[in-house]
Amino acid sequence: MANFYLSLFLFFALFLGHGVVELQASHHVYRNLQTSQSTSPNQPYRTGYHFQPPKNWINDPNGVMIYKGIYHLFYQYNPKGAVWGNIVWAHSTSKDLINWIPHDPAIYPSQQSDINGCWSGSATILPGEKPAIFYTGIDPHNRQVQNLAVPKNLSDPYLREWVKSPKNPLMAPDAMNQINTSSFRDPTTAWLGPDKRWRVIIGSKINRKGLAILYRSKDFVHWIKAKHPLHSVKGTGMWECPDFFPVSTYGLNGLDTSDMGPNTKHVLKVSLDDTKHEYYTVGTYSTAKDRYVPDEGSVESDSGLRFDYGKYYASKTFFDGAKNRRVLWGWVNESSSVNDDVKKGWAGIQAIPRKLWLDKSGKHLVQWPVVEIEKLRVNQVQVPSKLLKGGSVIEVTGVTAAQVSSCLYASKLVMNKRRHIWVFAKYQ
Ligand SMILES: *[C@@H]1O[C@H](CO)[C@@H](O)[C@H](O)[C@H]1NC(C)=O
Ligand SMILES: *[C@@H]1O[C@H](CO)[C@@H](O)[C@H](O)[C@H]1NC(C)=O
Ligand SMILES: *[C@@H]1O[C@H](CO)[C@@H](O)[C@H](O)[C@H]1NC(C)=O
């Protein structure tokens, strides 16, 4: 064992000097670690409730959708190691958002327009229940461009094979359009305006100004950049993984992304590359001007409203028409060191999907884990009623702490002054 660690140390000493070759989209490229497959059998940190593949690196959730009653989760994945690199769109499907079937990667480098990488993107369900995926490809000149892929066989509910448009890339930076070739990525789900034109936004920046670049199309194939972005904010740096969707001003139901009805507000979320925090605002989308205006008082920076104040990034929602809800996915970077990631053989999980809706105040969103998560509850343990006072300790026996989730149902709870309730479970 000691020898193993010594050689690992030497190995790291070597690669830290020479192996980290460049910075791409804020991920280090650890060239020497792209073959490591060492998955430790001792896995105390693997999750029981969250989505994660058996091994290797994962990051952003991509192209989340429901099709013919089946949920699809694609995600950024390195088939060759526990560090970022060789990114493909891995693919899993589920009937309940909890139990997942893995499929072969759906999108991987195969065209000029994505030969150096298949990065994040989103799904749109076109009329006639036809899914389409937009994703960012890295072309031979390392430019970031936007590509389209559609299912090969619409009768296959698992949508296992995807065909890329021969017209790719459909959106690319050129000498005319002033788009930064290395800051142009993460297309959103598209929406249809009242003028029957599709719209999509792509994250970008000009100097330190974050941008949601807007494109429009009549046929989903030919896209024209609008003169102005949907929205922009000075001083925020690169906007990654924008998400733009309508919310109902009453009730908990979600809305289809193209829904512009009278009782709707809009939400714009961006992931800040500089700080690795996300923020969102609630506001108004003017279809006439094709601009988004956040409500007065909105904080448009790193200190704005977040979905999650822990490690949570590159989030993305979709409209689940089967249950009339909007569902949020997000990547959790468990922030262990590269050294530890290689040792454990994996890195990153997807947070439990959450239902999302607008609070009655209209000022912020409310979220709750999808109801299906309750399926994972087994062996309920009940503790007899007891008046809790500050400093009270209740021992809950009969559960193992490694996967315990606690739920307090009580008619009378006396919280301590700081309004904290602690539940201790004995580790067995
Ligand atoms: C399309 O998918 C359906 C359902 O899985 C299958 O029965 C059919 O053979 C597939 N068609 C082709 C051309 O692969
Ligand atoms: C374009 O993006 C790259 C990568 O983030 C950055 O180094 C460069 O400064 C950007 N150029 C402008 C004009 O924003
Ligand atoms: C992931 O965690 C690592 C280690 O803490 C950190 O350097 C990196 O910025 C994190 N990335 C995100 C997107 O949170």
Side-chain angles (χ1 to χ4, degrees), residues 16 20 22-30 45 57-61 67-70 72 75-76 78 82-85 87 93 101 103-104 119-120 129-131 136 138 141-145 150-163 173-175 177-186 202-211 213 229 232-241 269-279 302 306-316 329-344 346-351:
L16 282 174
V20 186
E22 58 200 299
L23 195 68
Q24 281 208 2
S26 74
H27 295 287
H28 289 279
V29 182
Y30 297 95
Y45 303 117
W57 165 276
I58 74 170
N59 55 294
D60 313 1
Y67 177 69
K68 290 192 194 288
I70 292 182
H72 290 256
Y75 55 96
Q76 298 277 285
N78 182 356
V83 296
W84 187 85
I87 293 295
T93 57
I101 306 170
H103 301 290
D104 288 340
W119 291 3
S120 288
E129 233 210 324
K130 291 183 179 149
T136 299
I138 310 301
H141 313 290
N142 280 331
R143 294 185 315 164
Q144 299 176 6
V145 300
V150 296
K152 189 171 184 184
N153 179 1
L154 284 170
S155 308
D156 171 17
Y158 298 109
L159 301 174
R160 279 169 285 205
E161 288 183 86
W162 289 76
V163 183
D174 62 39
N177 62 21
Q178 292 185 311
I179 296 173
N180 186 334
T181 56
S182 49
S183 302
F184 180 51
R185 55 185 180 267
D186 310 335
I202 296 125
S204 186
K205 67 170 176 186
I206 295 178
N207 300 316
R208 297 273 308 131
K209 180 161 75 172
L211 295 181
I213 295 180
S232 65
V233 179
K234 282 185 185 147
T236 50
M238 176 66 189
W239 284 4
E240 296 192 289
C241 302
K269 184 277 309 182
V270 295
S271 305
L272 300 177
D273 196 15
D274 289 3
T275 62
K276 303 293 177 224
H277 291 152
E278 305 193 310
Y279 78 83
D302 186 45
R306 295 189 206 162
F307 292 147
D308 197 303
Y309 290 78
K311 280 271 182 186
Y312 195 79
Y313 198 70
S315 67
K316 182 176 299 300
W329 279 100
W331 165 45
V332 177
N333 168 11
E334 77 278 17
S335 48
S336 45
S337 64
V338 169
N339 191 336
D340 284 342
D341 287 345
V342 171
K343 252 191 265 173
K344 70 194 201 296
W346 57 271
I349 61 169
Q350 302 298 343

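Side chains are part of it too, since the values below use all heavy atoms of this structure and drop only hydrogens, waters and symmetry mates. All ligand and atom numbering here is 1-based and tracks the order in the structure. Residue numbers start at 1 and run along the sequence shown.
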Apply side chain to side chain donor-acceptor pair (under 3.5 Å) to S335 and list each qualifying residue two or more places apart in sequence or on a separate chain. none
Among Q144, R208, M238, K205, which one has a heavy atom closest to atom 5 (O) of ligand 2? K205
Ignoring angles and geometry beyond distance, decide whether N333 reaches within less than 3.5 Å of ligand 3 through its nitrogen or oxygen atoms. yes
Could you point out which residue of S271, S315, C241 forms a side chain to side chain contact (heavy atoms under 4.5 Å, CB included) with D60? C241
Contacting atoms of ligand 3, where contact means under 4.0 angstrom from a heavy atom of Y313: 13 (C)
Sub-4.5 Å side-chain heavy-atom contact between L272 and E278: no
Classify the ring geometry of Y158 against H103: parallel below 30°, tilted from 30° to 60°, perpendicular beyond 60°. tilted
W331: numbered ligand 3 atoms lying under 4.0 Å from its heavy atoms: 13 (C)
Would you mind checking if E334 and K311 are paired as a salt bridge, meaning a charged N to carboxylate O distance below 4.0 Å? no
For the atom pair CG (D273) and OG1 (T236), what is the distance rounded to the nearest 0.5 Å? 11.0 Å
Verify atom 7 (O) of ligand 3: protein non-hydrogen atom under 4.0 angstrom away: no
Protein residue, atom and distance nearest to atom 4 (C) of ligand 1, heavy-atom basis: S155 O, 3.5 Å
For S335, counting its heavy atoms only, list the atoms of ligand 3 lying under 4.0 Å from any of them. 2 (O), 4 (C), 5 (O)
I'd like to know if the side chain of S232 pairs up with that of K234 as donor and acceptor (distance under 3.5 Å, no hydrogens or angles considered). no
Checking heavy atoms under 4.0 Å, the part of N180 that sits near ligand 2 is side chain
Atom 9 (O) of ligand 3: nearest protein contact (heavy atom, Å): K276 CG, 3.9 Å
Less than 4.0 Å between atom 14 (O) of ligand 2 and some protein heavy atom, yes or no? yes
Would you please name every residue forming a side chain to side chain donor-acceptor pair (under 3.5 Å) with N59, sequence neighbours left out? W57
Starting from atom 11 (N) of ligand 1, what is the nearest protein heavy atom, named by residue and atom, and what distance separates them? N153 ND2, 2.9 Å
Write out the residue and atom name of the closest protein heavy atom to atom 3 (C) of ligand 2, then the distance separating them to 0.1 Å. S182 OG, 3.4 Å
